[in-house]
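The structure appears right after this line, and notes come after that.
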Amino acid sequence: MKKIIEKKLQVLIGLPVENAGRSGNLTWFSFGKTKKITSLRGIEKRVGEHTLNVQCSWRITKEHEIIVASKDIYIPNKEWVGKDEEFVWDKPGMNRYDERIIKFKALNILVDKIEADDLGGIKVYFSDRYLLELFPDSSSEEEFWRFFVPGELNSHFVVKGSEIED
């Protein structure tokens, strides 16, 4: 699994991080030059050359600091003053992830190196000592992450459980 993943993700080396965001608790990272595509629903949008959709635990670090991580979506942002039971994590801009991903998106960094393990985990090393780590955190056969070229349906490379769908 390790060698297959590393070979597939080698195309990212040298590419910039174009964007990052989330849909619910799925996080996505976009790499490479921006291009325009039309979605299956007929909506035009600008995307990077490659996208990594993540549904397992992950974190972005720089040296000894966690910049942003997957569980940050369940923590209110710094300006939250309401009661815990009133906090709606999925409301855009309300959680710590939405607050902290802005710092990462503003960086002008490139992918330097990719390392994978035999359990579907990966490390994406960026310039300026930033690191994105994905670590599957379930023994089930659920999808951990997928890598694809936006607009190309047959480009999906999916890592789930102990298998790869390519």
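Index from 1, following the sequence. Quick note: numbers below take in every heavy atom, side chains included, and nothing from hydrogens, waters or symmetry partners.
- With Ser30 as the fixed residue, the side chain to side chain donor-acceptor pair (under 3.5 Å) test singles out one of Glu18, His50, Lys105: Glu18.
- Two residues are said to be in side-chain contact when any heavy atoms from C-beta on lie closer than 4.5 Å; Asp72 and Arg100 meet this criterion.
- Hydrophobic clustering, with ILVMFWY side chains joined whenever heavy atoms are under 4.5 angstrom apart, groups Phe147 together with Leu15.
- Note: Gln55 CD to Asp137 CG = 11.0 Å, rounded to the nearest 0.5 Å.
- With a 4.5 Å cut-off on side-chain heavy atoms, Phe157 and Phe148 do not count as touching.
- In this structure, Trp145 contributes its side chain and Gly120 its backbone to a donor-acceptor pair below 3.5 Å.
- Cys56 and Trp58 get closest at one heavy-atom pair: O-CD1, 3.3 Å.
- Here the CZ-CG distance, from Arg146 to Leu26, works out to 9.0 Å after rounding to the nearest 0.5 Å.
- Counting only heavy atoms from C-beta outward, the side chains of Lys35 and Val47 approach each other to under 4.5 Å.
- The cluster map of Ile, Leu, Val, Met, Phe, Trp and Tyr, joined by side-chain heavy atoms under 4.5 Å apart, puts Leu9 and Val149 in different clusters.
- Annotation: the span from Ser70 atom OG to Phe135 atom CZ amounts to 6.0 Å, rounded to 0.5 Å.
- Using a 4.0 Å cut-off between charged nitrogen and carboxylate oxygen, Lys91 and Asp98 do not count as a salt-bridge pair.
- Here the side chains of Leu107 and Val17 are not in contact, with every heavy-atom distance at 4.5 Å or above.
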Step by step, work out the side chain to side chain contact (heavy atoms under 4.5 Å, CB included) result for Glu143 and Val159.
CA-CA 6 Å; Glu143 181 176 321; Val159 175; over 6 Å; no
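- Interatomic distance, Leu134 CG to Leu52 CG, rounded to the nearest 0.5 Å: 5.5 Å.
- A continuous path of Ile, Leu, Val, Met, Phe, Trp and Tyr side chains, each step under 4.5 Å between heavy atoms, connects Ile109 with Ile60, placing both in one hydrophobic cluster.
- Note on Ile114 and Val11: same hydrophobic cluster, where clusters join Ile, Leu, Val, Met, Phe, Trp and Tyr whose side-chain heavy atoms are under 4.5 Å apart, directly or indirectly.
- Between Asp112 and Arg129 there is no salt bridge, since no side-chain N of the basic residue sits under 4.0 Å from a carboxylate O of the acidic one.
- When atom types are taken as modelled, the side chain of Glu86 and the backbone of Lys83 share a donor-acceptor pair closer than 3.5 angstrom.
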If you apply the rule side chain to side chain donor-acceptor pair (under 3.5 Å), what do you find for Asn77 with Tyr97, and how did you get there?
CA-CA 8 Å; Asn77 67 24; Tyr97 166 89; over 6 Å; no
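- With respect to Glu142 and Lys160, no salt bridge is recorded, no charged nitrogen being found less than 4.0 Å from a carboxylate O.
- Other residues, nucleotides and ligands contribute over 12 non-hydrogen atoms within 6.0 Å of the CD atom of Glu63.
- Ring geometry for Phe126 against Phe31 counts as parallel: the plane angle stays under 30°, on a 0 to 90° scale with 60° as the upper cut.
- Using a 4.5 Å cut-off on side-chain heavy atoms (C-beta onward), Leu131 and Lys123 make contact.
- Remark: side-chain polar atoms of Glu133 are not paired, donor with acceptor, to backbone N or O of Val124 under 3.5 angstrom.
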What's the verdict on side chain to side chain contact (heavy atoms under 4.5 Å, CB included) for Lys45 and Ile37, showing C-alpha distance, side-chain angles and the deciding distance?
CA-CA 6 Å; Lys45 58 184 179 176; Ile37 66 166; 4.1 Å; yes
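- To the nearest 0.5 angstrom, Met1 atom CE is 14.5 Å from Lys3 atom NZ.
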Determine, step by step, whether Met94 and Phe87 satisfy the side chain to side chain contact (heavy atoms under 4.5 Å, CB included) criterion, reporting the C-alpha distance in whole Å, the side-chain angles of both residues, the deciding distance to 0.1 Å, and the verdict.
CA-CA 8 Å; Met94 296 301 295; Phe87 172 63; 4.3 Å; yes
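- Residues Ile67 and Tyr130 form a side-chain contact, since some pair of their non-hydrogen atoms from C-beta on lies under 4.5 Å apart.
- Between Glu49 and Lys33, no side-chain nitrogen of the basic residue sits less than 4.0 Å from a carboxylate oxygen of the acidic one, so the salt-bridge criterion is not met.
- Here CD1 of Ile73 is found 6.5 Å from CG of Asn95. Values are rounded to the nearest 0.5 Å.
- Residues Ile4 and Ile164 are in side-chain contact: their nearest non-hydrogen atoms beyond the backbone lie under 4.5 Å apart.
- Note on Trp89: it does not cluster hydrophobically with Trp28, by side-chain heavy-atom contacts below 4.5 Å among ILVMFWY residues.
- Contact between Ser138 and Phe144 at its shortest, heavy atoms only, is O-CZ, 3.5 Å.
- At least one side-chain heavy atom of Ile5 sits less than 4.5 Å from a side-chain heavy atom of Ile122.
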Decide yes or no on side chain to side chain contact (heavy atoms under 4.5 Å, CB included) for Leu132 and Phe29, but give the supporting numbers first.
CA-CA 10 Å; Leu132 167 63; Phe29 298 95; 4.0 Å; yes
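- Remark: the backbone N or O of Gly24 is paired with a side-chain donor or acceptor of Arg22 at under 3.5 angstrom.
- Judged as a salt bridge (Lys or Arg N to Asp or Glu O under 4.0 Å), and not counting sequence neighbours, the contacts of Lys2 are Glu6.
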